[in-house]
Q: 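The structure's right below; bear with me while I get my questions together.
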Amino acid sequence: MTTGGAAPGSAVLVDPTVAVDPAAPVGGRRRPAGALGLLRSAWPPLLFGVLGLVLWELTVTLGRVAPFLLPAPSRIGAEFWDNRATIWQVGLASGGNAGIGLLLGALAALGAAMLASRFGFLAEVSLPVAAALNALPIIALAPILNNMFSSTSSIPRRLVVAIVVFFPVFLNTLRGLAEVKPVHRELMASYAAGGWTFTRLVRLPGALPFVFTGLRQAASLSVIAAVVAEYFGGRQDGLGSRITSAASYTAYPRAWAFVLGACVLGLVFYLAALGLERLAMPWRARRPG
């Protein structure tokens, strides 16, 4: 492949990846794709998890730990399987509250971060407010919101999730919007681009890695907030209410089975955020290994 500046008859080699995607990394070996790459990245945490479960099982079995203190993983797994239909049903309810709250909180955080990056005085005002929201404990916030709405409403739990996820998305997005290279700023200034045009075309695309860092954090926090908010009354249709109900009847293995369901739900949310990041920024998956 030749370029206009090259001498006649000479050839300038261009990486085909760069020709398609200038943002893609050049040189270095790439991570193995497909099932092999997935296996290489997945086996260390899987091995660590299996060893941890075996150690847990041996500790409970050989150490004769009381079941109400720490049930064995085999007992928890059996309860999880026996109650899989119920866990699926209540998991959908908790997942729905977490998903809607995550969407509302993330959109509010993105809008607030864009405004704060556009107007400096808003950044000075919004940062302390966001920090104050982040410091609000769920155990104090959930009962107050439950009293403000009907006992059959899911709005309080979704508001709790939205408030909890707002801070990590806002803070990371605001930091990303501030990371603008001088050359990009000079280029847009030469085009006489307005403030919102500059934000839309330069700031926001450049802040995507920071945005998705906040979203990954918020994805797991949304499930935690939704489940914990269910401890304090309201509709008894989620994982949190089933955990408290099982624990109150000293059915601790069943309570742990619902906890396991919450862990699976949190993992699903995290993987969904990770998959969305790969779709939005495919070049990050092609970094040198």
Q: Taking the hydrophobic residues Ile, Leu, Val, Met, Phe, Trp and Tyr, and joining any pair whose side-chain heavy atoms are under 4.5 Å apart, which ones share a cluster with Leu107?
A: Leu103
Q: I'd like to check the ring-ring contact (aromatic ring centres under 6.0 Å, His included) partners of Phe170; sequence neighbours left out, ordered by chain and number.
A: Phe166
Q: Can you measure from CG (Leu46) to CG (Leu51) and round to the nearest 0.5 angstrom?
A: 11.0 Å
Q: For residues Tyr231 and Met148: do they belong to one hydrophobic cluster (side chain heavy atoms under 4.5 Å, members Ile, Leu, Val, Met, Phe, Trp, Tyr)?
A: yes
Q: When you look at CG of Leu276, are more than 12 heavy atoms from neighbouring residues, nucleotides or ligands closer to it than 6.0 Å?
A: yes
Q: Starting from Phe232, can I reach Phe149 by hopping between I/L/V/M/F/W/Y residues whose side chains sit under 4.5 Å apart?
A: yes
Q: If you look at every heavy atom in Ala106 and Val169, which pair is closest and at what distance?
A: O-CG1, 4.1 Å
Q: Hydrophobic clusters join Ile, Leu, Val, Met, Phe, Trp and Tyr when side-chain heavy atoms are under 4.5 Å apart, directly or via other members; which others share one with Leu104?
A: Ile100
Q: Output all residues satisfying side chain to side chain contact (heavy atoms under 4.5 Å, CB included) with Gln236, sequence neighbours left out; order by chain, then residue number.
A: Ser241
Q: Using 0.5 Å steps for rounding, measure from the CD atom of Glu277 to the CG atom of Leu208.
A: 9.0 Å
Q: Distance-only check: which donor-acceptor pairs under 3.5 Å involve side-chain atoms of residues 156-165, not counting sequence neighbours?
A:
unit_1: Arg157; atom_1: NH1; unit_2: Arg235; atom_2: O; d: 2.9
unit_1: Arg157; atom_1: NH1; unit_2: Asp237; atom_2: OD1; d: 3.2
unit_1: Arg157; atom_1: NH2; unit_2: Gly233; atom_2: O; d: 3.0
unit_1: Arg157; atom_1: NH2; unit_2: Arg235; atom_2: O; d: 2.3
unit_1: Arg158; atom_1: NE; unit_2: Asn97; atom_2: OD1; d: 3.0

Q: Test of understanding: clusters of I, L, V, M, F, W, Y form through side-chain heavy atoms closer than 4.5 Å, transitively. Do Phe210 and Leu221 belong to the same one?
A: no
Q: If I take atom CG from residue Leu215 and atom CG from residue Asn172, how far apart are they, to the nearest 0.5 angstrom?
A: 9.0 Å
Q: Quick one: does any side-chain atom of Ser94 pair with a main-chain N or O of Leu239 as donor and acceptor, under 3.5 Å?
A: yes
Q: Please name all residues satisfying side-chain hydrogen bond (donor to acceptor under 3.5 Å, both in side chains) with Thr152, sequence neighbours left out, ordered by chain then number.
A: Ser150
Q: Tell me, do Leu70 and Trp256 make a side-chain contact under 4.5 Å, heavy atoms counted?
A: yes
Q: Do Trp56 and Ile76 have side chains that approach each other closer than 4.5 Å (heavy atoms only, starting at C-beta)?
A: yes
Q: With sequence neighbours left out, what residues match Glu79 under side chain to side chain contact (heavy atoms under 4.5 Å, CB included)?
A: Arg75, Asn83, Pro253, Arg254, Ala257
Q: How would you list, by chain and number, every residue that makes a side chain to side chain contact (heavy atoms under 4.5 Å, CB included) with Arg242, sequence neighbours excluded?
A: Thr86, Val90, Phe258
Q: State yes or no: do Ile139 and Ile243 share one hydrophobic cluster built from I, L, V, M, F, W and Y residues joined by side-chain heavy-atom distances below 4.5 Å, directly or via other members?
A: yes
Q: Pro128: which residues meet the side chain to side chain contact (heavy atoms under 4.5 Å, CB included) condition with it, sequence neighbours left out?
A: none
Q: Hey, what do you get for CG (Leu274) to CZ (Phe269), rounding to the nearest 0.5 Å?
A: 15.0 Å
Q: Quick check: does any side chain N or O of Arg278 sit under 3.5 Å from a backbone N or O of Gly275, one acting as donor and the other as acceptor?
A: no
Q: Verify the cluster assignment for Tyr270 and Ile224: are they in a single hydrophobic cluster under the rule of side-chain heavy atoms below 4.5 Å apart?
A: no
Q: Taking side-chain hydrogen bond (donor to acceptor under 3.5 Å, both in side chains) as the test, write out the residues that go with Ser74, two or more places apart.
A: Glu57
Q: Nearest heavy-atom pair of Ser220 and Gly266: which atoms, and what distance?
A: OG-O, 4.3 Å
Q: With rounding to the nearest 0.5 Å, note down the distance linking CG in Leu115 to CG in Leu177.
A: 10.5 Å
Q: Other hydrophobic cluster members with Val50, side-chain heavy atoms of Ile/Leu/Val/Met/Phe/Trp/Tyr under 4.5 Å, chained?
A: Val54, Leu58, Leu62
Q: Taking the hydrophobic residues Ile, Leu, Val, Met, Phe, Trp and Tyr, and joining any pair whose side-chain heavy atoms are under 4.5 Å apart, which ones share a cluster with Leu92?
A: Trp88
